[in-house]
Every structure is written in structure tokens, then in C-alpha cells.
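To keep things clear, I will list the structure first and then write my remarks on it.
Note that the structure is a prediction, hence the values are computed from the model and not measured.
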Amino acid sequence: MEDPTLPASLLFGTATAAYQIEGGVHEGGRGPSIWDTYCRTPGRVARGESGDVACDHYHRYGEDVALLADLGVDLYRFSVAWPRVQPTGKGRPNPEGLAFYDRLVDTILGAGIEPALTLYHWDLPQALEDEGGWRVRDTAYRFAEYSRIVADRLGDRVNRWITLNEPFCSAFVGHAVGRHAPGTREGTPALAAAHHLLLAHGMATGELRAAAAGEVGITLNPDHFLPATDSEADRAAVERARTLHNRVWFDPIFAGAYPDNEDEVWEGMADGSYRADGDLRIIGQPLDFLGVNFYRPIMLRDAPHSEADPAARTAVDIRTEQVRIEGVRHTTMDWPVVPATFADLLIDLDRRYPNLPPIFITENGSAEDDQPDETGRVRDTGRVEYLRDHLGALATAIDAGVDVRGYFVWSLLDNFEWAYGYDRRFGLVRVDYDRLERHPKDSYHWYRDFLTSHRARRVQELATQWEG
């Protein structure tokens with residue numbers, strides 16, 4: 001099968017996150033995060049694993065940047081660990097933590113790669129969680145302070161900033177489902193967390209602008225929903241889910257309003273007690289780009305509440321039930337592979353929100369059963385097909401008029417996959433967790449060849465423009 005052809009100007013990269021790869025959790029003055037606590041709670045993470053060592057990127061970042069350079073990416077998206085910069089989430093910064101990110105950024109730039117920095121990829125300092133975490137407004141102010149510290153230190157070299165990664169997971173998977181840190185099952189407090197994450201994003205955007213740090217955006221993980229049937233009830237279930245997953249973020253940021261159906265979705269749970277006058281103005285500041293993470297579509301049907309007692313319901317108990325999509329391949333995450341829905345999602349967002357800034361696909365990839373053969377080679381054909389087909393879907397969206405400027409594969413390395421521990425592998429590079437050795441998979445070599453061809457087209461197009 002031929003690789004898709006995408007605009008020569010499109011930038012390509014890979015992505016990682018601090019807690020998933022860094023390790024060194026007790027080194028360099030780093031404080032504990034909610035994920036350190038979560039991992040030490042029995043029954044939370046598969047096999048009791050944690051990010052204590054992860055891929056040991058804290059010590060091996062030079063080796064990892066060399067892999068990026070060999071891959072030939074334009075961009076590298078990584079995150080800064082808040083507790084490495086401010087061990088308690090407030091007060092004077094930790095010099096050793098900032099020095100580590102100084103070294104990392106300089107190494108990335110030295111390899112001819114542009115850094116894309118995510119300020120928050122879920123590792124809230126535990127000290128702030130002890131004071132209420134994202135449920136309380138003060139955490140948004142603390143995040144703004146932290147953002148300015150990082151911008152003042154790295155803003156002279158980093159030109160692309162992402163405030164938050166997937167606040168849906170922080171607010172709802174963490175505070176309502178309980179499958180992510182802090183691991184609680186809450187109603188209104190989870191909605192308060194969602195609002196304070198939005199507020200933190202807006203405040204951080206203001207700080208980054210004041211620091212003249214460069215381009216500013218946010219990474220969201222909107223879902224594309226399919227009704228199990230064409231019944232009115234199942235279509236209504238999809239609309240409720242779209243509000244929970246998508247509109248709660250997109251409407252305040254890009255439409256200057258809260259979802260108009262939130263009372264129907266949460267039945268009084270969204271009481272607004274956590275909101276203040278002027279919040280929408282802070283949240284809705286113009287952005288330079290939007291990051292979109294996409295992995296799979298979700299099929300839903302109407303269902304009764306999981307909890308009959310309204311007082312005991314969580315914020316995700318909105319009368320929907322997920323239905324398995326049959327007749328398609330599923331990854332080791334049991335996620336259905338339906339590439340066309342990637343284009344459908346992007347086109348739908350573009351039509352629903354006319355004021356969207358340019359889009360970067362900040363995560364896209366698949367977890368596969370990556371078994372090395374007797375020579376150590378990983379023939380991950382499923383991942384190659386997944387990436388090729390989703391890039392084809394991306395081309396469809398671009399042809400339909402969606403303004404996409406870049407694409408990041410998740411992930412450069414196999415890593416700590418949150419509650420799954422080390423059981424799920426998303427990397428282009430296999431990590432031997434016993435020896436911490438890196439072994440590029442077939443997908444790594446495919447992506448490198450794809451990028452080589454893409455760069456050649458870029459050079460040719462630039463040459464043609466110059467001659468013209």
C-alpha cells in the first residue's frame with residue numbers, strides 16, 4: 001500500500017510525557033506527584049508498577065534525542081514535570097529541576113529539532129492535591145505561577161507551548177471514573193475540577209503572553225461518537241456524551257459559553273458554584289493553535305443511570321453505555337481501528353467551531369502486541385498500517401479544508417501506560433525495561449522513510465517557489 005501524500009509544509013514529530021518516561025522521581029529535588037501516590041495505592045496500577053524508573057529518560061535523554069535526530073522529525077513534544085520545578089506546587093522553583101529542562105531543550109535544539117513543551121501532563125504536585133487539587137480555585141493560580149517560572153527560564157528557546165494535555169482525563173477519568181490519579185469518584189467536584197483546569201489554561205495563556213514565550217495552545221482529546229442505532233434515544237445519548245467529552249472544553253474556549261445542555265446532561269450536578277464572573281473571558285483568550293489527540297471512535301447507546309441514587313452519581317453517569325464496534329481490528333487497548341472517523345472528527349470540529357485556530361495532531365498511535373523475534377526485531381505491521389491509514393484520513397480532512405499544521409506520533413518510546421503499568425506498548429522504539437535498552441521497531445524505520453520522502457517533497461516545493 002502506498003503512503004499518503006500530505007502538504008509539504010506539514011510538520012512531523014513524536015510525543016512523550018514526563019511521568020511516563022523520565023523516572024528519577026526521587027532525584028534532583030523533585031517532589032511527589034499525585035501519580036506517585038496513586039501508584040503506591042494497592043490495586044490501582046497493574047502489578048503494582050510505577051513511573052519510578054520508567055524509561056530512565058532523566059539520565060538517558062541524550063540517547064533518546066539521538067533517536068529523534070535519526071528519525072528525522074521536525075518537532076518533539078515533551079512535558080515538564082511540575083513537581084520537578086516546584087516540589088510542592090508553589091513557592092521558589094527548584095534549580096536542579098529547571099537545569100534538567102535546560103539541558104534537555106538545548107540537546108533537542110542541538111539536534112536540529114524544534115521543542116514543543118507541554119506544561120501539564122497530569123502530574124499535579126501531591127501537596128496541592130492535599131489542599132484540594134483541581135477541585136479548588138487556588139490550584140489555577142498556582143498553575144499560572146508555575147507556567148511563568150518555566151516560560152521565564154525556557155521561553156528564549158521554546159517557541160511552542162501547550163498549557164494542558166487532555167484535561168478530560170484529569171477531570172473525569174481522575175475525579176469521576178477513578179482510573180487515573182487522584183482516583184476518586186465524584187460528581188460536582190469533578191465538574192469543578194474541569195472548570196478550574198480551564199481557568200488554569202486561561203491564566204497560563206496570559207502568563208505565556210506576558211513572557212512573550214511564543215505560540216500558545218492547548219491539547220484536547222475530543223471523541224467522535226457513533227450511535228449504536230438510529231433511534232432518537234441513542235442519538236440523544238451521543239449528544240450527552242459529546243457535551244461531557246468535547247463541549248465542556250470547546251464551548252468555553254472557542255465559543256465563549258458553557259454548553260447549553262449541561263442541565264440535561266448533569267441534572268443539577270453542574271451547579272455553577274465553582275464559576276465566577278469574568279472566567280469565560282480568561283478561558284477564551286485567543287490561541288495560536290489547537291492540539292488534538294485521537295486514537296479511536298466510540299459507539300454508544302442510551303442506558304439507565306449506573307447509580308439509582310442521584311446523590312451518589314459521578315459526573316460521568318450520564319445515561320450512556322459503550323458498545324463494542326464489531327467487524328474491525330482492535331488494538332491491545334481494545335480500541336477499534338476506524339481511520340475514517342479521524343477525518344470525520346476533524347471535519348466536524350471545523351464546522352462546529354468556525355473560530356478554531358490551526359490544528360496540530362499532538363497524539364495519534366496504537367498499542368500493539370510487540371514481540372521481538374529471535375534477532376530482536378519487532379515487526380509491528382499493525383502499527384505501520386494504523387499510522388499509514390490515519391495519515392490518509394488526515395489527508396482527507398486537509399483536502400476538506402481543515403487547517404492542520406503538524407502531526408505527532410504517540411509515542412517515541414514504550415513507556416509507563418498509567419493504570420496499565422508497562423503492559424501496553426505504544427512506542428516506535430521498544431524499551432527493554434530490565435536493561436533499559438532502546439530498540440527501534442519496524443514502525444520507527446517506516447516513519448523515518450516516510451519523513452525522508454516528505455522532506456524531499458518539501459525541498460522540491462521550496463526550490464520550485466524560489467525559481468518562480
Side-chain angles (χ1 to χ4, degrees), residues 34 38 41-46 122 129 132-135 166-198 220-251 258-274 295-326 330-331 333-336 341 417-420 424:
I34 56 174
Y38 187 85
T41 305
R44 292 295 200 185
V45 178
W122 307 349
E129 174 64 21
W134 289 114
R135 304 170 197 82
E166 297 186 358
F168 171 85
C169 293
S170 297
F172 297 127
V173 183
H175 291 82
V177 179
R179 197 172 63 245
H180 280 186
T184 56
R185 294 175 55 80
E186 302 172 89
T188 299
L191 291 167
H195 181 73
H196 295 142
L197 282 156
L198 283 167
L220 304 174
N221 57 322
D223 280 307
H224 184 74
F225 294 100
L226 303 169
T229 72
D230 196 38
S231 70
E232 184 178 343
D234 285 354
R235 285 186 278 112
V238 162
E239 288 306 314
R240 292 194 297 275
R242 185 175 285 120
T243 294
L244 170 67
H245 289 246
N246 300 357
R247 291 188 62 189
V248 71
W249 317 108
F250 279 80
D251 285 21
Y258 301 113
D260 57 12
N261 65 340
E262 61 182 9
D263 287 340
E264 175 193 347
V265 173
W266 288 294
E267 300 175 7
M269 199 179 291
D271 61 14
S273 58
Y274 37 81
Y295 291 95
R296 81 286 182 259
I298 297 175
M299 182 174 284
L300 293 174
R301 64 183 168 210
D302 181 62
H305 281 296
S306 300
E307 176 57 60
D309 180 4
R313 288 175 192 155
T314 72
V316 295
D317 190 354
I318 60 167
R319 295 181 288 123
T320 63
E321 183 179 47
Q322 191 165 334
V323 177
R324 183 177 176 83
I325 300 177
E326 301 292 352
H330 287 69
T331 69
M333 295 291 287
D334 201 29
W335 291 346
T341 60
E417 187 50 42
W418 310 111
Y420 291 98
R424 300 290 191 272

State, to 0.1 Å, how close [X] and [Y] come at their nearest heavy-atom pair, and which atoms those are.
X: W134; Y: H196; value: O-ND1, 2.9 Å
X: L300; Y: A241; value: CD1-CB, 3.2 Å
X: S306; Y: D317; value: N-OD1, 2.9 Å
X: E166; Y: W122; value: OE1-CZ2, 3.3 Å
X: E239; Y: N261; value: O-ND2, 4.0 Å
X: M269; Y: R313; value: CE-O, 3.8 Å

Could you give the distance from [atom1] ([X]) to [atom2] ([Y]), rounded to the nearest 0.5 Å?
X: Y295; Y: T341; atom1: OH; atom2: OG1; answer: 14.0 Å
X: R319; Y: R301; atom1: CZ; atom2: CZ; answer: 15.5 Å
X: E417; Y: M333; atom1: CD; atom2: CE; answer: 5.0 Å
X: R44; Y: Y38; atom1: CZ; atom2: OH; answer: 5.0 Å
X: L191; Y: E262; atom1: CG; atom2: CD; answer: 8.5 Å

Q: Can you sort out the partners of A312 under side chain to side chain contact (heavy atoms under 4.5 Å, CB included), two or more places apart, ordered by chain and number?
A: E307, D309
Q: Any pair with a residue in residues 224-236 that passes salt bridge (Lys or Arg N to Asp or Glu O under 4.0 Å), sequence neighbours left out, goes on the list, sorted by first then second residue, please.
A: D230-R235
Would a 4.5 Å heavy-atom cut-off, applied to side chains only, mark [X] and [Y] as touching?
X: P297; Y: I325; result: yes
X: W249; Y: L198; result: yes
X: Q322; Y: T320; result: no
X: R324; Y: D334; result: yes

Q. Between N246 and D223, is there a donor-acceptor pair closer than 3.5 Å when you use the side chain of the first and the backbone of the second?
A. yes
**Q.** Exam field: side chain R240 to backbone I318, donor-acceptor pair closer than 3.5 Å
**A.**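 Here the side-chain-to-backbone pair exists.
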Can you give the donor-acceptor pairs under 3.5 Å from side chains of residues 168-184 to other protein atoms, not counting sequence neighbours?
{"from": "H175", "atom 1": "ND1", "to": "S170", "atom 2": "O", "distance (Å)": "2.9"}
{"from": "H175", "atom 1": "ND1", "to": "A171", "atom 2": "O", "distance (Å)": "3.4"}
{"from": "T184", "atom 1": "OG1", "to": "E186", "atom 2": "OE2", "distance (Å)": "2.5"}

